[in-house]
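Here is the structure we will look at, set down as structure tokens.
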Amino acid sequence: MTMQDHSASGLSSIKVRVDDRPAILVGSGYVALLIALIFLVLTVCIAYGAFTRNAYGDLHASTWSLLGALLCLVVAILFGSSIYSLQPNESAVLTLFGAYAGTDSAPGLRATVPLFKIAKVSQRVRYHECGKLKVNDLIGNPIEIGAVVVWRVDNSAKAIFQIEDYADFVGAQTESALRHIAGRHPYDFDEAVAHAGPDEAVSHDQVAARTLSLRESGDQVTNELIVELKERLAVAGVTIDEAWINHLAYAPEIAPVMLRRQQASAVIAARKLVVSGAVDIVKEALDKLKEQTDIDLDPERKAAMVSNLLVVLVSDKDATPVVNTGTLYA
């Protein structure tokens with residue numbers, strides 16, 4: 001089975017036909033409410049006045065008055081149906097017979113043309129937690145990775161007309177981007193150095209500049225994730241405010257082996273530090289011995305002294321000194 005990762009370049013080919021623009025035929029909802037109440041009162045008054053009694057006490061209804069009352073009632077209903085309310089960080093996308101008519105973002109009681117259809121979009125900050133994903137890093141090691149993404153809608157028209165369900169779209173693109181980012185970097189920096197090609201004569205610093213590790217370069221990897229998600233979600237009118245990796249570990253099947261490898265690497269690094277320090281101490285001791293005393297050691301005795309000092313300094317156990325009671329060359 002072949003799996004394809006639809007990157008941001010694939011989404012950028014989608015033609016964006018709709019973009020946010022302010023709605024024109026909108027206004028205060030309190031005015032529309034007042035007009036609706038006035039016509040409702042007129043409906044009651046006209047309907048009441050349409051019924052009269054003649055001299056014989058028979059009830060008579062005026063057809064024209066009833067039609068006028070009905071007309072006032074229809075107007076009151078239309079004005080009442082055009083009223084809607086918006087909370088802070090909420091927008092209303094207006095359409096007229098399927099055509100986009102603009103976006104209203106002013107909070108409070110609002111009103112528009114009665115025939116307009118209103119679709120509300122929340123622009124509040126939300127977060128999406130991407131669960132543990134099992135992916136292969138740059139080296140091919142199976143790892144588990146998870147992330148949290150903080151997002152919000154910044155273009156309501158795109159969110160409504162470009163994507164069927166922008167919340168699900170955010171979740172799908174977050175998982176895809178996280179898999180893509182994890183596959184571009186090794187889990188550990190030491191692995192990037194160890195797995196450099198045999199023909200690549202690159203230094204440690206060059207490898208570091210070329211390859212970022214997931215474990216040691218968390219900020220840079222997170223920035224890459226944010227940039228890629230912004231490109232992927234631009235078509236849906238969604239922007240990313242923040243993201244971070246909340247879970248990173250080797251897959252359970254290789255975790256014990258990689259733990260032993262990390263422990264071995266730590267031991268080797270510690271040994272290298274000890275040996276380097278011991279060599280510096282021995283060199284300094286020989287230089288001072290030559291400068292401040294008249295003792296001149298031949299190469300063989302100097303080698304023996306260096307060997308003894310290194311054993312004492314490098315050994316992880318306390319040394320047991322042996323006192324020589326004879327001469328130096330005995």
Side-chain angles (χ1 to χ4, degrees), residues 1-20 89-91 93 119-189 192 211-253 255:
M1 186 174 83
T2 303
M3 297 183 64
Q4 297 181 351
D5 185 13
H6 299 282
S7 60
S9 60
L11 291 174
S12 62
S13 64
I14 299 177
K15 185 178 180 181
V16 178
R17 305 191 188 99
V18 180
D19 205 351
D20 254 346
N89 294 319
E90 190 177 33
S91 297
V93 177
K120 294 183 180 180
V121 179
S122 174
Q123 294 183 317
R124 297 183 180 92
V125 175
R126 314 185 210 182
Y127 77 95
H128 172 75
E129 183 174 359
C130 185
K132 299 178 184 178
L133 303 176
K134 184 177 288 188
V135 298
N136 292 333
D137 67 354
L138 179 65
I139 310 303
N141 295 325
I143 63 173
E144 290 182 346
I145 188 170
V148 176
V149 175
V150 179
W151 62 278
R152 58 184 169 83
V153 175
D154 69 342
N155 193 312
S156 301
K158 287 183 179 180
I160 290 295
F161 299 113
Q162 296 294 135
I163 300 297
E164 181 67 26
D165 190 332
Y166 58 87
D168 289 343
F169 186 72
V170 170
Q173 290 298 328
T174 299
E175 180 177 339
S176 178
L178 187 59
R179 289 183 182 275
H180 186 226
I181 293 295
R184 283 166 45 185
H185 301 286
Y187 179 88
D188 204 345
F189 175 75
T211 306
L212 301 174
S213 70
L214 298 173
R215 186 173 66 90
E216 298 177 354
S217 307
D219 292 339
Q220 293 89 334
V221 173
T222 299
N223 290 335
E224 286 187 22
L225 178 62
I226 293 175
V227 171
E228 181 162 341
L229 280 175
K230 284 184 176 180
E231 294 177 357
R232 288 170 175 261
L233 297 175
V235 68
V238 173
T239 186
I240 302 298
D241 291 332
E242 191 179 3
W244 62 89
I245 295 175
N246 65 342
H247 177 77
L248 181 63
Y250 283 109
E253 54 266 27

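- H128 places no side-chain N or O within 3.5 Å of a backbone atom of V149 that could act as its donor or acceptor partner.
- Using a 4.5 Å heavy-atom cutoff, the side chains of R184 and E228 are in contact.
- Across all non-hydrogen atoms, the minimal contact from S156 to D20 is N-OD2, 2.9 Å.
- With hydrogens and angles disregarded, a donor-acceptor distance shorter than 3.5 Å links the side chain of N246 to the backbone of A147.
- Considering all non-hydrogen atoms of both residues, I245 and G146 come closest at CG2-O, 3.3 Å.
- Across all non-hydrogen atoms, the minimal contact from A182 to V135 is CB-CG2, 3.6 Å.
- Once rounded to the nearest 0.5 Å, the distance linking CD1 of I181 with CD of Q220 reads 12.5 Å.
- In this structure a side-chain-to-backbone donor-acceptor pair under 3.5 Å is present from S213 to E216.
- Closest heavy-atom contact between V153 and Q123: O-CG, 3.4 Å.
- F161 has its side chain within reach of V93: a pair of non-hydrogen atoms, C-beta onward, lies under 4.5 Å apart.
- Counting heavy atoms from C-beta on, the side chains of W151 and T174 never come closer than 4.5 Å.
- Rounded to the nearest 0.5 angstrom, K134 NZ and R179 CZ are separated by 11.0 Å.
- Closest heavy-atom contact between I163 and A236: CG1-CB, 3.4 Å.
- Looking at S176, its side chain never comes within 3.5 Å of a backbone N or O of A172 through a donor-acceptor pair.
- Residues L212 and E224 meet the side-chain proximity criterion, which asks for heavy atoms closer than 4.5 Å.
- Here the CD atom belonging to E90 is positioned 5.5 Å from the NZ atom belonging to K120, to the nearest 0.5 angstrom.
- Note that the OG atom of S217 and the CG atom of N223 stand 11.0 Å from one another [nearest 0.5 Å].
- Using cut-offs of 30° and 60° on the angle between ring planes, the pair Y250 and Y187 is tilted.
- The one candidate from I226, L233, V227 that meets the side chain to side chain contact (heavy atoms under 4.5 Å, CB included) condition with K230 is I226.
- Interatomic distance, OH of Y127 versus CH2 of W244, reported as 9.0 Å (0.5 Å rounding).
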Full working for side chain to side chain contact (heavy atoms under 4.5 Å, CB included) between V238 and F169: CA-CA 10 Å; V238 173; F169 186 72; over 6 Å; no
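- Going from atom CD1 of I145 over to atom NZ of K132 covers 12.5 Å, rounded to the nearest 0.5 Å.
- Looking at every heavy atom in both residues, K158 comes nearest to V18 through CG-O, 3.5 Å.
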